[in-house]
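Contents: one structure, followed by commentary.
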Amino acid sequence: ILLQPIASKRSEMWRAAVLLLLTGCVCASVPEEPADRATPSDGYCSWITRAQPHGAGGRREGFSEFRLRVEGDPEHYQPGSTYRVTLYATNPAYFRGFTLIALKEGHNGDQEEDYAGNFQIIDEEDAQFMTNCPPAVTESTPRRRTRIQVFWIAPPSGSGCVLLNLSCKPQYGETTDKPLLDCCACGTAKYRVTFYGNWSEKLHPKDYPRRANHWSALIGASHSKNYILWEYGGYVSEGVKQVAELGSPVKMEEEIRQKGDEVLTVIKMKAQWPAWQPLNVRAAPSAEFSVDRTRHLMSFLTMLGPSPDWNVGLSSEDLCTKECGWVQKVVQDLIPWDAGTDNGVTYESPNKPTTPQEKIRPLTSLDHPQSPFYDPEGGAITPVARVVVERIARKGEQCNIVPDNVDDIVADIAQEEKEEDDTPETCIYSNWSPWSACSSSTCEKGKRMRQRMLKAQLDLSVPCPHTQDFEPCMGPGCSDEDASTCMMSEWITWSPCSMSCGAGVRSRERYVKQFPDDGFACTHSTEETEPCTVNDDCYTIPCLLSPWSDWSDCSVTCGKGTRIRQRMLKSPVELGECKEELEQMEKCMLPECPMDCVMSEWSEWSECSKSCGKGHLIRSRMITLEPQFGGDLCPETTQRKTCKIKKCNQGGLNSDERKRRKEDRKKRRNKQGREESADELAGCKMKPWSAWIDCTKLCGGGIQERLMTAKKRYKNAQVTSCKDRKEIRACNVHPC
């Protein structure tokens with residue numbers, strides 16, 4: 001249904017046209033809510049149909065936050081038929097209050113005859129009939145909503161055109177609403193929060209991260225209005241930042257626990273890897289928490305990863321009602337919000353801190369063309385999750401004594417059971433609560449209990465019967481009764497078509513709201529598919545391409561290489577030449593290849609160390625390349641083998657032999673003197689050579705140096721001749 005703004009001298013009105021013709025049409029107008037809802041002094045309910053001016057700037061030009069839809073979008077209504085009417089808001093907008101009324105065209109509601117058809121309440125937690133205008137439907141509890149439903153029973157034949165008139169007060173996700181009133185409820189209430197992650201490749205196909213998608217550990221609390229975990233328009237704390245960027249709840253939990261009495265319960269759930277799995281494979285995670293009069297707000301957050309700093313969650317959801325009771329159930333679809341600490345625009349953008357830090361804001365479909373949620377038409381982002389908060393118990397004396405079904409003592413409101421009993425008419429009871437769990441967990445007989453509350457005893461002389469009831473039972477799986485009490489949620493909206501052009505399929509899901517009492521598994525399907533077609537004329541497009549394939553393996557097993565990906569041309573060649581590329585190549589880098597040690601050739605063998613008798617020969621080689629990246633180690637650099645020239649004479653040495661040995665000793669003394677002179681070069685005593693410094697390059701040829709510096713200078717040393725010495729050698733000569 002298209003909403004169009006229509007300017008008026010007295011107000012700005014937003015009209016949604018639903019053409020339901022019998023002899024005319026049914027229109028839905030959405031004016032802004034009157035400033036005052038006090039009981040009018042003129043006309044029956046005509047004050048509702050007149051929108052009072054609120055001043056300029058109440059709405060954004062051309063932005064359609066609210067839609068009114070009649071089930072089936074019929075062109076005509078059938079007299080007496082029942083239609084489901086739905087009001088829903090587009091994220092990030094929501095509403096707290098509304099008024100819905102059905103008028104005959106041309107009438108303003110001054111008389112009872114002006115109204116067409118009748119409304120029927122579906123959920124008393126959401127809607128009720130107005131006290132001072134019975135034909136109109138309004139909210140039962142002023143809490144945040146994005147969707148409500150009621151039944152409308154069409155008027156009899158001859159009623160003509162009908163106008164569905166809706167007024168609501170919009171709220172936007174730019175700032176978090178604070179609770180309107182202090183809580184007046186008594187006792188405590190216990191809730192179960194269940195998180196349904198719908199972030200999947202099927203619903204969010206653009207750039208979906210297949211390998212690392214997950215939800216981080218969920219962290220939250222039930223708390224007072226003096227503590228805000230996070231809110232739209234505010235800045236994140238360090239704890240929220242660590243959840244948003246790293247998925248770590250540790251700092252956030254520390255911050256929550258430091259708030260002391262401002263917090264009643266810390267809410268935690270484990271991380272979900274992968275982000276989505278069918279509910280019959282992995283149950284949705286849940287946690288339980290409590291609230292009381294001072295700590296009646298509930299907040300939580302969880303990161304969708306990988307992402308720059310994107311999260312979903314609830315902020316300060318008020319579970320206290322204006323009738324001094326506790327909200328029965330909250331169902332909220334969630335879209336991601338940006339924590340304002342990282343500038344990334346895609347799931348796997350590199351870290352890029354936002355400086356200065358920005359405020360928390362909801363993501364929109366127009367943030368950036370590279371965003372996975374981008375829509376050039378600015379449509380609503382498909383929700384990535386749904387959270388369900390359900391009341392499961394209440395403790396302590398309750399002070400809600402309003403005799404209605406908005407907030408009953410039972411943990412789950414249901415139609416009062418039509419059983420024959422002997423309850424006197426002077427005893428006013430609440431509905432029976434659901435049966436408790438069986439006291440026996442086996443097939444042995446046990447018992448279970450239900451209870452109700454005595455609301456009023458009109459005649460004290462007439463006793464009122466019991467408020468508790470018991471019946472026999474057995475453990476789960478032992479009952480012979482029909483296990484048909486499985487309750488399913490409504491279907492989630494259809495996913496986008498699997499094909500961007502031509503015939504494909506789409507799917508939708510639902511979840512189990514209540515499992516059978518006797519422990520049987522639900523057999524109802526949680527997913528269904530149907531064929532869909534996008535652009536029947538797509539065969540005229542010359543470049544109809546398949547999606548890109550995954551990247552191939554790197555062309556090498558180590559070092560630098562390349563990899564490719566491909567796509568196919570699906571449209572016939574006859575339609576024309578397609579100039580789009582069908583193959584892409586990019587560089588890839590794997591760990592460096594191992595490089596083994598490289599040695600020089602062996603030197604010649606030395607002369608025998610002895611001139612007679614047994615001696616040894618020596619040869620050596622040098623390391624030209626040290627092993628790198630796990631290559632083979634270097635082998636030995638020196639080898640030795642024995643030698644035997646001739647037997648030495650046993651008697652005295654002849655003169656030639658003595659002369660030769662004398663010359664050898666002289667040579668050795670000269671050599672030793674030269675070495676000592678190196679240490680005391682030109683009157684200088686030198687230090688030993690230093691170790692070789694690191695090579696200037698890892699590959700491709702570098703140099704190494706080592707130094708010899710003067711340790712001591714003698715008095716007769718010449719300054720020019722007593723200098724430090726330096727040696728240079730090549731290193732890492734292997735190619736890169």
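Residues Pro383 and Ile335 come closest through the heavy atom pair CA-CG2, 4.2 Å. Closest of all the heavy-atom pairs between Arg567 and Trp548 is NE-CZ2, 3.2 Å. Counting all heavy atoms, side chain and backbone alike, Pro635 lies closest to Cys597 at CD-SG, 4.4 Å. Of all the heavy atoms in Glu727 and Trp692, the pair that sits closest is O-CZ3, 3.6 Å. For Ile256 against Gly220, the heavy-atom pair with the smallest separation is CD1-O, 3.7 Å. Asn213 and Ala275 get closest at one heavy-atom pair: OD1-N, 2.9 Å.
Here the side chain of Ser555 pairs no donor or acceptor atom with the backbone of Gly561 at under 3.5 angstrom. The closest donor-acceptor contact from the side chain of Asp338 to the backbone of Trp310 lies at 3.5 Å or more, if one exists at all. Counting only distance, with no hydrogens or angles, the side chain of Asp596 and the backbone of Asp632 share a donor-acceptor pair below 3.5 Å. Checking side-chain atoms of Asn732 against main-chain N and O of Lys697 turns up a donor-acceptor pair under 3.5 Å. Side-chain N or O atoms of Thr624 include one that pairs as donor or acceptor with a backbone N or O of Val598 at under 3.5 Å. Side-chain atoms of Asn311 come within 3.5 Å of backbone N or O of Asp309 as a donor-acceptor pair. The backbone N or O of Ser507 sits nowhere less than 3.5 Å from a side-chain atom of Thr529 that would complete a donor-acceptor pair. Proximity of a side-chain donor or acceptor of Ser552 to a complementary backbone N or O of Ile564 within less than 3.5 Å is detected. Remark: the backbone N or O of Phe300 is paired with a side-chain donor or acceptor of Trp230 at under 3.5 angstrom. Without hydrogens or angle criteria, Ser286 side chain to Val193 main chain gives no donor-acceptor distance under 3.5 Å.
Atom CD1 of Ile267 and atom CE of Met269 lie 7.5 Å apart (nearest 0.5 Å). With values rounded to the nearest 0.5 angstrom, Thr341 atom OG1 is found 9.5 Å from Asn351 atom CG. In this structure, the separation between CD1 on Ile219 and NZ on Lys268 is 6.0 Å, given to the nearest 0.5 Å. In this structure, the separation between CD on Glu201 and OG on Ser495 is 11.5 Å, given to the nearest 0.5 Å. One finds the CE atom of Met252 at 11.5 Å from the CG atom of Leu218 (value rounded to the nearest 0.5 Å). Taken to the nearest 0.5 Å, the OH atom of Tyr235 stands 14.0 Å off from the NZ atom of Lys241.
Within a 6.0 Å sphere centred on CG of Leu366, other residues, nucleotides and ligands contribute more than 12 heavy atoms. Taking a 6.0 Å sphere around CD of Glu238, one finds it holds more than 12 heavy atoms contributed by other residues, nucleotides or ligands. Around the CG atom of Asn280, the shell of radius 6.0 Å holds more than 12 heavy atoms that belong to other residues, nucleotides or ligands.
Counting only heavy atoms from C-beta outward, the side chains of Thr637 and Met622 never approach each other to under 4.5 Å. Side-chain contact check for Pro627 versus Met595: every heavy-atom pair is 4.5 Å or farther apart. For the pair Cys608/Leu617, a side-chain contact is recorded, criterion being any heavy-atom separation below 4.5 Å from C-beta on. Under the 4.5 Å side-chain criterion, counting only non-hydrogen atoms from C-beta, Glu509 is not in contact with Tyr196. Counting heavy atoms from C-beta outward, Trp605 and Lys641 have side chains that approach closer than 4.5 Å. Inter-residue side-chain proximity for Ser299 and His223 is flagged as met; some heavy-atom pair is nearer than 4.5 Å. Side-chain contact between Pro362 and Pro336 is absent, with no heavy atoms from C-beta onward closer than 4.5 Å. Side-chain contact between Leu334 and Leu314: present, with at least one pair of heavy atoms (C-beta onward) separated by less than 4.5 Å.
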The test is side-chain contact (heavy atoms from CB on, under 4.5 Å); show your working for His214 and Met303 and say whether it passes. CA-CA 8 Å; His214 68 282; Met303 177 198 77; 3.6 Å; yes
Quick one, His204 with Tyr208, criterion ring pair (Phe, Tyr, Trp, His ring centres under 6.0 Å). Give me CA distance, side-chain angles, the key distance, then yes/no. CA-CA 7 Å; His204 305 85; Tyr208 187 78; 7.7 Å; no
Test side-chain contact (heavy atoms from CB on, under 4.5 Å) on Val384 and Trp215; report intermediate values, then the result. CA-CA 11 Å; Val384 297; Trp215 292 103; 3.9 Å; yes
Step-by-step side-chain contact (heavy atoms from CB on, under 4.5 Å) determination, Thr364 to Phe373: CA-CA 7 Å; Thr364 73; Phe373 305 107; over 6 Å; no
Mind running side-chain contact (heavy atoms from CB on, under 4.5 Å) on Val387 and Thr194 for me, showing each step along the way? CA-CA 6 Å; Val387 63; Thr194 307; over 6 Å; no
Before giving the answer on salt bridge (Lys or Arg N to Asp or Glu O under 4.0 Å), spell out for Lys202 and Glu527 the whole-Å C-alpha distance, their side-chain angles and the decisive distance to 0.1 Å. CA-CA 12 Å; Lys202 188 177 294 184; Glu527 183 177 3; 2.7 Å; yes
Worked check of salt bridge (Lys or Arg N to Asp or Glu O under 4.0 Å) between Arg361 and Asp367: CA-CA 11 Å; Arg361 64 171 185 85; Asp367 285 340; 3.2 Å; yes
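Listed by chain and number, the residues in a side-chain contact (heavy atoms from CB on, under 4.5 Å) with Lys352 are Asp342, Asn343 (sequence neighbours excluded). Among residues two or more places apart in sequence or in another chain, the side-chain contact (heavy atoms from CB on, under 4.5 Å) test is passed with Leu590 by Cys554. With sequence neighbours excluded, the residues that form a side-chain hydrogen bond (donor to acceptor under 3.5 Å, both in side chains) with Gln639 are Arg619, Glu636.
With salt bridges taken as basic N to acidic carboxylate O contacts below 4.0 Å, one links Asp550 and Arg210. Under a 4.0 Å N-O distance rule, the pair Glu255/Lys251 does not qualify as a salt bridge. Between Glu583 and Arg565 no salt bridge is recorded (no basic side-chain N to carboxylate O distance below 4.0 Å). Looking at Arg621 and Glu601, no side-chain N of the basic residue comes within less than 4.0 Å of a carboxylate O on the acidic one, giving no salt bridge. Residues Lys206 and Asp375 are not paired through a salt bridge, judged by the lack of any N-O separation under 4.0 Å between the basic side chain and the carboxylate.
Ring-centre distance between Tyr347 and Trp199: below the 6.0 Å cut-off.
Of the N and O atoms on the side chains of Glu581 and Gln584, at least one donor lies less than 3.5 Å from an acceptor on the other residue. Glu231 and Ser316 form no side-chain donor-acceptor contact under 3.5 Å, judged by distance and modelled atom types alone.
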